[in-house]
Every structure is written in C-alpha cells, then in structure tokens.
Number of protein chains: 2
Amino acid sequence: MYLCVMKQYSLSEENYLKTIFHLEQIADGNVSTNDIAEKMETKASSVSDMIRKLGEKNLVDYIKYQGVTLTDRGRKTALRVIRKHRLWEVFLVEKLDFQWDEVHEIAEELEHIESEELISRLDAYLGHPEFDPHGDPIPDANLRIAKIEKRLLSELRIHQRGICVGVHESDNDFLQYLDKRQIGIGTKVFVEDIETFDGSMTILVDDNRYFISKKIAENIYVQIT
Amino acid sequence: MYLCVMKQYSLSEENYLKTIFHLEQIADGNVSTNDIAEKMETKASSVSDMIRKLGEKNLVDYIKYQGVTLTDRGRKTALRVIRKHRLWEVFLVEKLDFQWDEVHEIAEELEHIESEELISRLDAYLGHPEFDPHGDPIPDANLRIAKIEKRLLSELRIHQRGICVGVHESDNDFLQYLDKRQIGIGTKVFVEDIETFDGSMTILVDDNRYFISKKIAENIYVQIT
DNA sequence: TTTGAAGTTTAGGTTACTCTAAAAAAATAT
DNA sequence: ATATTTTTTTAGAGTAACCTAAACTTCAAA
Ligand SMILES: [Mn+2]
Ligand SMILES: [Mn+2]
Ligand SMILES: [Mn+2]
Ligand SMILES: [Mn+2]
C-alpha cells in the first residue's frame, strides 16, 4: 500500500482555507466573501477569484452569491495548517524563549513548510502539546481538535471567578496590554464590578485591581471556577 | 538611530543568489547563465530574465553575455540564506533526530523564513554551531564564514590518511551510500590502493575495506592527517 | 412591491516568474 | 578568415495572485 503524498496547496490557498475555517467557527451558516476579504485584508474581487478556484478543487462548497462552506477535504487541509501554526508557536515560546506576543507572525510563515515528517517529529519533540501559547487547542496527528468549554470574560456576572484559558484576537498590542498587567493563560480573575452603562469591568488579578473596557473583556476567554 | 529592516527578497531571488554564490566558489571568473540554469534546473532564458533583475537591484554585477558576479550586497544576502539553511539543518539533525540525508529539502524551505530574531535565537539554542551536518561551515551573525583547508579524497596519494570533514554533493543517494558504509563527518580513512587506470580507490574505514569509484572519491572532503 | 444600498462577481489590467522559439553574440573548428 | 556550433538574450505567451472599475444579485426599507 502506498501513502500518496500529493502536491500541496499554495501558500495563498492555505491562508484562505485557514481563514474560512476560523470564520466558520463564529458565523452560523456560510462564510461570506466580504468577511473573508476583511479578515485577510484583501479585496472582495480577489476573494471571489480564489473561492471559485477552491470550489473547483473541491476544498469548499460554493454557490455564487451564497458564500462558502469547507468540504471535508478543505477542513482537513485547514486543520493541518492550524496544527503546524500552533506547534511552531509552542516551539518558539518553549524552546526559543519568545514572548507569546512575538510568535504569531513567524508562525504565519512556518505553517506553510511542507513536510509531514517534520511536523510529526516537532510534535514529539515538544511532548505532544495540547494547547498553543495563546490557549488555543492544537489538532492532533489525526486532526482531531479539543473543544474546551470557555466563555468570554465579558459574559461573566458580577462576583464570578474564572481562570484565563485563552485570548480571542492575538493582536500584538492586546497581548502586550495583558503582559503589562501580568494576565496570561492560567491567571485567576475575579469580577468585582460591572458598569451597566458600557459593560466595562473592575477585575481583581492577584493583588491588583484593574479597570478594563468591554472590548478587552470580549477578547479574554475564561473557564468559570 | 533606526535599524531599517527592509522588505526582503523573494524566494526566487534568494535561491538565485545562493546558487550564484556556490558557483562563484568553484568557477574562477564570472558565473555563466548556463551554469546557473543547469544548477537550478531551469531554462537559460529564465536565468537571463532574473539576472537582469538582480542587476537592477544591485545584487549582481552583470554585463550582457559576460555572466555575473555577486556584489557585496548580493553576497551578504546569499550568506544570510546559507546561514539559515545550515542552522536549520543542524536543528533538524540535532534536535529532531533526522538523518543527514533527510534534511536538505526541508532546509531548502526553512531557509526563506524571514526573521532575524528567529535565526539569532535558533543559533543560540543550537550553541552557535560552526558546521552543518554535512561538514559545511555556518556563517556567523556577521556573515563571516570559516575557511577550512580540505581536499577531495580523490586528491590523496597512496597510503595517505585523512579525516572526513565534508561532502561535495549532498545528493540523497550519495549520502545514503556513505551511511551504509558508516562513513560520516569525523570518519578516519586510509588510502590502501589507487587504480591508475580509472582513479578508483581501495580504502580502509575502521576494519572494513571498500572499493570506491573516482566519482565517489571526488565527492568526499578530507583533512590529511 | 418597488427601489436603493450592500454585497458579490466579472472584466480587464499588473506583476512576478516561468516557458518555447527565434534572434543575436561569442566561441570554436576548419 | 569564414563557417559552424554553442551560449545567451529577446520576443511572445501562460499562470497565479492581486488590483480597480463596472455590472450584476440580493435583501431590506420605504
Ligand atoms: Mn500563513
Ligand atoms: Mn496561537
Ligand atoms: Mn530555497
Ligand atoms: Mn548542508
């Protein structure tokens, strides 16, 4: 029996699939052209071109004007890229001592390196990690991905406690904001007060009291404890 | 003062510069279009296009019909890529337990990842290695590259001894040929006999006697001891 | 139910890189 | 010195990925 490792998809195709995967997690139905364009910082017309091509390659189901859904093949390809991205992020933080806010861009390039053997050895070398430095689950070799029950900090009610398990956006500025306040994966948070007017919160982290906007609270995932 | 890290060169440009660098080491004068085409397995017309472009970018000195030479800028760029290639090869062998014949292709991709910080941390993580798994010297952070005095095994005379310090071609089949005979970097070799007719050799390696063709002997570098 | 705005696709163009075929220059042989 | 071969460049064309502008759908407000 021969395991046929066929020619891989282009860097661009992989980035599109990854983006569509992430948008599918949020949106309920099909993913729209405009949403993809916005997330990828490109033009809707370019997206149209690409999803037509992805459709022809059976990576997405696409009906004109109706947006796209990943096919099984497309989803698997996306998950493979995400697995590589997150494993490389772990490598950069654990082995090369990068900060969690410095690794995203580099992983964005490394995720396209094309060798099954490489990624399986890297996985083993890192001890088969289950989460990346931002708390996101890493698909295993069979592309199965853990679903952890987490909620946005903004969904917590007053006087509830939680443990930070991840962030929503991995924007550099945001991650540095958290670093400065010593908030990271595993940090315990207590909601002292919520401003009903704008949804901003007063939270306790260790011995510090922080006042955070709703936008910040909507980007931190916690497990309620 | 601002260290301007400008947009890097394309994957294709980097590969051309690297190839030209390697050809310059061998050839005396300018590097010819055809030589580049052959090494890169592409057409002379494509090479012509590219070297014109590299010339415009001041990466090579180019006079039509006269071939090219790297400029300082071009040589530095080539050395940066070679440094990355060889450091990644060390990583793959030392940390991920790849064999020396398995790493070239993967490094060929990794060498284009674009982050000074990444490569300087990788360098430190590996303990600032001086040679890659094939015995080739790794340019340091200032792009200075060690020149080791080495000769081809085929240049040795009868009854001379040497230590294997590198290989010329890194062809997979060739490296596997060496592996099978337990010949690697550091292996001690004794030239027992040389066939004057075809230049083939009988050599002693540990307790084994091998009969090798001139072509093989021309691909093994040794330091005479 | 019309109509306008928003969303999406198509048409046509650009750039980077590649190719084949033909033309031009250089090197080699006679 | 001239003719032939080899090397190199140019001309013209294709593909992937992107763009702007124009045309076309869809959907929701009036
Ligand atoms: Mn990417
Ligand atoms: Mn991440
Ligand atoms: Mn390369
Ligand atoms: Mn090497």
Side-chain angles (χ1 to χ4, degrees), chain A residues 6-20 23-24 26-70 74 77 81 108-109 111-112 114, chain B residues 6-20 23-24 26-70 74 77 81 108-109 111-112 114:
Chain A
M6 34 198 58
K7 227 227 303 297
Q8 286 305 285
Y9 301 104
S10 77
L11 187 145
S12 214
E13 287 168 335
E14 288 190 344
N15 282 338
Y16 271 93
L17 291 172
K18 196 160 60 99
T19 301
I20 295 167
L23 289 172
E24 268 189 352
I26 306 165
D28 32 347
N30 293 8
V31 176
S32 81
T33 304
N34 260 4
D35 287 354
I36 299 171
E38 190 187 3
K39 190 120 181 186
M40 300 194 65
E41 300 182 63
T42 183
K43 302 293 153 147
S45 56
S46 306
V47 176
S48 266
D49 274 359
M50 182 55 95
I51 61 184
R52 191 190 40 68
K53 198 173 63 166
L54 294 176
E56 284 165 7
K57 295 191 179 181
N58 269 302
L59 294 164
V60 298
D61 289 321
Y62 169 46
I63 306 164
K64 272 185 198 173
Y65 294 101
Q66 308 285 123
V68 291
T69 335
L70 289 173
T77 308
V81 178
E108 204 59 45
E109 288 187 63
E111 73 189 0
H112 303 288
E114 194 187 277
Chain B
M6 33 199 59
K7 229 227 304 296
Q8 287 303 285
Y9 302 104
S10 77
L11 187 145
S12 214
E13 287 168 336
E14 288 190 345
N15 282 338
Y16 272 94
L17 292 172
K18 195 160 61 98
T19 301
I20 295 166
L23 289 172
E24 267 189 351
I26 306 165
D28 31 347
N30 293 10
V31 175
S32 81
T33 304
N34 259 7
D35 287 354
I36 299 171
E38 190 187 3
K39 190 119 181 187
M40 301 194 65
E41 300 182 61
T42 183
K43 301 294 152 148
S45 57
S46 306
V47 175
S48 264
D49 274 358
M50 182 56 95
I51 61 185
R52 190 189 41 67
K53 197 174 66 166
L54 295 177
E56 283 165 8
K57 294 192 180 179
N58 268 304
L59 294 164
V60 298
D61 289 320
Y62 169 47
I63 306 163
K64 270 185 199 173
Y65 295 102
Q66 308 286 121
V68 291
T69 335
L70 289 173
T77 307
V81 178
E108 204 59 45
E109 287 188 63
E111 72 189 1
H112 302 289
E114 198 187 273

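Predicted model, so just to flag it, every value in this text is computed and none were measured.
Checked against side-chain hydrogen bond (donor to acceptor under 3.5 Å, both in side chains), B:Gln66 has no partners two or more places apart in sequence or in another chain. Evaluation of the side-chain hydrogen bond (donor to acceptor under 3.5 Å, both in side chains) rule for B:Lys64 yields no partner, not counting sequence neighbours. The salt bridge (Lys or Arg N to Asp or Glu O under 4.0 Å) check on B:Glu13 picks up B:Lys53, B:Lys57, with sequence neighbours excluded. Contacts of A:Glu109 classified as side-chain hydrogen bond (donor to acceptor under 3.5 Å, both in side chains), with partners at least two apart in sequence or in another chain: none. Partners of B:Ser48 under the side chain to side chain contact (heavy atoms under 4.5 Å, CB included) rule, at least two apart in sequence or in another chain, are B:Thr33. For A:Asn34, the side chain to side chain contact (heavy atoms under 4.5 Å, CB included) partners at least two apart in sequence or on another chain are A:Ser32, A:Ala44.
Within the structure, salt bridge (Lys or Arg N to Asp or Glu O under 4.0 Å) pairs that include any residue of residues 27-41 of chain B do not occur (at least two apart or interchain).
The distance from atom CG of A:Leu11 to atom C1' of D:dC18 is 14 Å, rounded to the nearest whole Å. Atom-to-atom, CZ of B:Arg52 to P of D:dA11 comes out at 11 Å; the value is rounded to the nearest Å. Look at CG on A:Asp49: it is 10 Å from P on C:dT9, rounded to the nearest Å. Separating the CG atom of B:Asn30 from the P atom of D:dT7 is a distance of 16 Å, rounded to the nearest angstrom. Note: CE (A:Met50) to P (D:dC19) measures 11 Å, nearest angstrom. Atom CD1 in A:Ile51 sits roughly 12 Å away from atom C1' in C:dG7 (whole-Å rounding). One can place CD of B:Glu56 at 14 Å from C1' of C:dT15, the figure rounded to the nearest angstrom.
Listed by residue number, B:Tyr62, B:Lys64, B:Tyr65 are the residues of residues 61-70 of chain B with a heavy-atom contact under 4.0 Å to DNA chain D. Taken residue by residue, residues 31-47 of chain B places heavy atoms nearer than 4.0 Å to DNA chain C at B:Thr42, B:Lys43, B:Ser45, B:Ser46.
Between A:Lys18 and A:Glu14, the closest side-chain pair of non-hydrogen atoms is not below 4.5 Å. A:Asn30 places none of its side-chain heavy atoms less than 4.5 Å from the side chain of A:Tyr62.
Put simply, A:Tyr16 has no side-chain N or O that comes within less than 4.0 Å of OP1 or OP2 on D:dA16.
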